[in-house]
Amino acid sequence: MKDNHFLLDTAKSYLLKEIVPQANKIDHDPNTLLYALRGLGELNLLALKVPHHWSGKEVSEQTYGDFQELVARYSGALVFLQTQHQSAAGMLVASGNSSLQERYLPRMGNGKILLGVGFSQLRRAGDPLTVAIPVAGGYQLNGVVPWVTGWEFFGEFIIAATLPDGGAVYGIVPLVETHQESGGTLTLSPPAQLAAMTSANTVTATLKNWFLPTESVVFIKPAGWIHENDKKNILAAVFMATGCALAGLDIVESVVSRKPLPFIQKAFDSLQQELNNCRNAVREAQNNSSLEFAERLQLRAWAIDLAGRIAHAAVTVSSGAAIYSHHNAQRVYREALVFTVMGQTPAIMEATLGRLTRSGFDNEPQRRREHEARKEKKITYSRVIHLSHVIDSDIPQWQGDPPVEFETVAQLHKDGYYLRRFSLGEHSATHINASNSFHLDGVGIHEYSAESLVVPGVVIDIREQALVNPDYTLCVEDILSWEERYGKIPPGCVVLLYTGWQEKWSDKKAFLYQDEQGSMHFPGFGSDATRFLLEERQIAGVGIDTHGVDSGQDTTFATNSLVLEKPRIVLENLTNLDQLPPTGATLAIGVLLLRGGSGSPAGVLALIP
């Protein structure tokens with residue numbers, strides 16, 4: 001798990017430093033694209049699904065999807081090109097030809113050997129475009145491969161040709177114009193002028209009496225295999241679409257900072273929420289082998305639809321500048337078109353059109369998916385635990401906070417009922433911080449939706465570390481160690497940090513632990529850990545049993561600032577965290593809807609299964 005995180009972190013660092021500044025040039029210049037591809041090879045990132053004993057990374061499907069999404073976010077051309085190579089590596093892993101495996105696989109991760117694919121023609125209805133006839137020592141190939149990406153990048157590619165029995169033979173042929181001594185020829189067209197990713201050099205290959213020797217055969221598959229494989233891998237291309245959608249969101253978000261118009265912010269928040277929902281649903285589908293094909297198909301169509309709409313939004317907010325071919329929004333919009341048709345089958349086309357015409361919302365698979373989503377929101381519990389301290393006038397208070405005061409205004413014996421007036425700060429006692437407490441353009445607590453206040457919670461226990469060092473801050477290694485024991489932190493949850501400080505609540509000096517210089521000492525979230533949780537785990541917020549999610553030594557309030565860039569949850573001064581399981585609890589957060597409030601005292605309940 002740590003290795004996977006390091007791999008993704010390494011890839012992201014490379015992409016941000018080397019690819020983002022040249023993304024538009026990479027789209028149309030083959031030399032720049034080749035440099036970008038070689039960079040991935042130098043990091044040994046070009047054979048992610050190849051086993052370790054062949055020098056591959058052997059990552060999980062989820063990590064591979066995360067990687068694809070990451071590359072697509074920063075360069076459509078690069079993800080388009082390297083996907084061909086990664087696919088070829090995967091086919092060789094599944095091959096029974098050990099000599100090919102030994103020759104190619106150990107040199108594919110570092111890019112010493114680059115290999116493409118050319119078999120999309122098998123998906124076409126009607127007479128096969130490429131046919132293979134068994135001959136002595138191999139197969140004779142004739143026909144056309146209309147779509148081979150990577151000319152002048154890849155030295156060879158895996159071709160597929162239809163056999164007389166309807167099956168298909170897959171084998172390795174050169175991706176260069178070649179004339180065999182036996183009279184066979186392989187010729188290539190000039191690169192196609194695509195709407196996007198022209199730098200990837202997509203060509204058409206024509207074969208006449210080409211001899212494919214048995215030793216170059218990767219495998220032979222029965223009739224219809226590619227269609228069954230497409231169904232099995234229906235979500236494989238989703239991550240390129242969601243990566244493209246993230247690229248579009250990056251553009252919209254950058255415009256928000258320059259054009260602080262509320263309707264742009266509203267559009268960004270809406271699209272971001274929908275995209276997060278889609279990405280979360282896809283990741284859940286990856287882990288649910290029983291999910292029907294129809295449901296997976298709807299997720300693929302949803303991702304395609306989102307990529308197009310968000311790219312269109314990026315063009316919209318960029319105004320006339322987006323018309324220029326070198327503008328990022330223009331490039332992302334064109335990339336969305338490519339990802340719409342990549343690996344397309346009739347079923348994907350139908351589902352995509354259903355989304356685009358919105359008829360997809362009325363079909364039975366969609367209704368079932370929405371029904372399942374509603375079922376997932378049912379909460380079952382065996383007990384309920386208060387996570388809020390009792391409020392009185394002598395609770396620990398942050399320096400400068402208004403005092404907690406109670407005044408009796410009606411008495412039972414005199415007025416027939418008992419009533420008090422109370423006053424306290426919005427960040428006193430157990431409380432929630434709102435986005436506007438750390439960001440001028442953030443929303444007030446009254447704008448938090450009811451749905452956002454009922455969330456799953458996980459608990460990370462750092463009492464031992466805090467006992468030794470009261471200034472301890474949660475780090476990424478702590479999170480990964482926790483995940484090794486309890487599983488990956490799910491998206492959309494609130495991460496609660498149990499430091500043991502709840503036991504000090506009745507002792508104000510011990511709780512705030514202020515030294516002679518006025519500095520406070522209590523544990524909290526480290527900024528790197530917070531970024532990891534937000535970016536890699538897509539959490540809904542954080543909570544802690546100290547007076548602040550930032551440690552007492554952090555006067556920049558880094559975690560508050562990071563989490564509250566959006567209307568997420570920050571809970572402070574929690575209690576009874578020792579009674580919660582590491583996973584499985586549901587938090588119900590009761591707030592006062594104070595108009596424009598920077599937060600609110602909160603009644604937090606934990607529902608324990």
Report the distance from atom CG of L129 to atom CG of L207, rounding to the nearest 0.5 Å. 12.0 Å
Should the pair R537-E483 be classified as a salt bridge under the 4.0 Å nitrogen-to-oxygen rule? yes
Nearest heavy atoms of A303 and T242, plus distance in Å: CB-CG2, 4.0 Å
Distance in Å, L337 CG paired with M197 CE, rounded so as to fall on 0.5 Å steps: 9.0 Å
Ignoring hydrogens and angles, tell me if any N or O in the side chain of R283 forms a donor-acceptor pair with the backbone of Q62 under 3.5 Å. no
Would you indicate whether K231, at its atom NZ, is surrounded by more than 12 heavy atoms from other residues, nucleotides or ligands within a distance under 6.0 Å? no
Ignoring hydrogens, what is the shortest heavy-atom contact between A301 and R355? Give both atom names and the distance. CB-CG, 3.5 Å
Do other residues, nucleotides or ligands put more than 12 heavy atoms under 6.0 Å from the OH atom of Y14? yes
Do V218 and L92 touch side chain to side chain, with heavy atoms closer than 4.5 Å? yes
OH/Y324: more than 12 non-hydrogen atoms of other groups inside 6.0 Å: no
Show the numbers, then the answer: is there a side-chain hydrogen bond (donor to acceptor under 3.5 Å, both in side chains) between T198 and Q193? CA-CA 6 Å; T198 54; Q193 295 302 302; 5.8 Å; no
For S449, is there any backbone N or O sitting under 3.5 Å from a side-chain donor or acceptor partner on S452? yes
Passing option when D27 is tested against R331, Q22, R334 for side chain to side chain donor-acceptor pair (under 3.5 Å): R334
Please check: side-chain N/O of R300 versus main-chain N/O of I234, any donor-acceptor pairing under 3.5 Å? yes
Would the distance check show the side chain of E58 and the main-chain N or O of H52 forming a donor-acceptor pair, the cut-off being under 3.5 Å? yes
How about W225 and Y170: are their ring centroids closer than 6.0 Å? yes
Quick check: does any side chain N or O of Q538 sit under 3.5 Å from a backbone N or O of G492, one acting as donor and the other as acceptor? no
So how far is it from Q84 CD to L37 CG, rounded to the nearest 0.5 Å? 11.0 Å
cation_pi(K221, F219) dist<6.0 Å, angle<=45: yes
Might you work through the salt bridge (charged side-chain N to carboxylate O under 4.0 Å, His left out) test for R531 and E536, ending with a clear yes or no? CA-CA 8 Å; R531 288 190 183 92; E536 305 299 332; over 6 Å; no
Taking NZ in K566 as the centre, count heavy atoms belonging to other residues, nucleotides or ligands within less than 6.0 Å. Is the count above 12? yes
Give a yes or no answer on whether the side chain of S318 reaches the backbone of A314 with a donor-acceptor pair at less than 3.5 Å. yes
N/O donor-acceptor pair under 3.5 Å between S199 side chain and L33 backbone: no
Please determine whether side-chain hydrogen bond (donor to acceptor under 3.5 Å, both in side chains) holds for the pair Q265 and D269, giving the CA-CA distance in whole Å, both sets of side-chain angles, and the decisive distance to 0.1 Å. CA-CA 6 Å; Q265 180 70 61; D269 291 341; 2.9 Å; yes
May I have the step-by-step check of side-chain hydrogen bond (donor to acceptor under 3.5 Å, both in side chains) for S60 and T63, ending in yes or no? CA-CA 5 Å; S60 65; T63 299; 3.1 Å; yes
Non-hydrogen side-chain atoms of L15 and E18 separated by less than 4.5 Å: no
Determine whether I159 and V148 make a side-chain contact, defined as any pair of heavy atoms from C-beta on separated by less than 4.5 Å. no
In Å and rounded to the nearest 0.5 Å, what is the CD to CG distance from Q272 to L249? 6.5 Å
Quick one: does V173's side chain get under 4.5 Å of L212's, heavy atoms only? yes
For the CD1 atom of I226 and the CZ atom of R123, what is their distance to the nearest 0.5 Å? 4.5 Å
Taking all heavy atoms of F119 and all of V117, pick out the closest pair and write down the distance. CE2-CB, 3.6 Å
Check whether any side-chain heavy atom of F67 sits under 4.5 Å from a side-chain heavy atom of Q86, and report yes or no. yes
Any sub-3.5 Å donor-acceptor pair from H85's side-chain atoms to M108's backbone N or O? yes
Would a distance-only check, ignoring hydrogens and angles, find a side-chain to backbone donor-acceptor pair under 3.5 Å from Q101 to S95? yes
Quick one: does N24's side chain have a donor or acceptor within less than 3.5 Å of a partner on H326's backbone? yes
R568 side, atom CZ; S435 side, atom OG - distance, nearest 0.5 Å: 9.0 Å
side-chain hydrogen bond (donor to acceptor under 3.5 Å, both in side chains) between N229 and N233: does it pass, once the steps are laid out? CA-CA 6 Å; N229 194 57; N233 297 314; 3.2 Å; yes
Which heavy atom of A307 sits nearest a heavy atom of A245, and at what distance? CA-CB, 4.0 Å
Paired with R279, the side chain to side chain donor-acceptor pair (under 3.5 Å) test is passed by just one of E69, E274, E284, namely E69
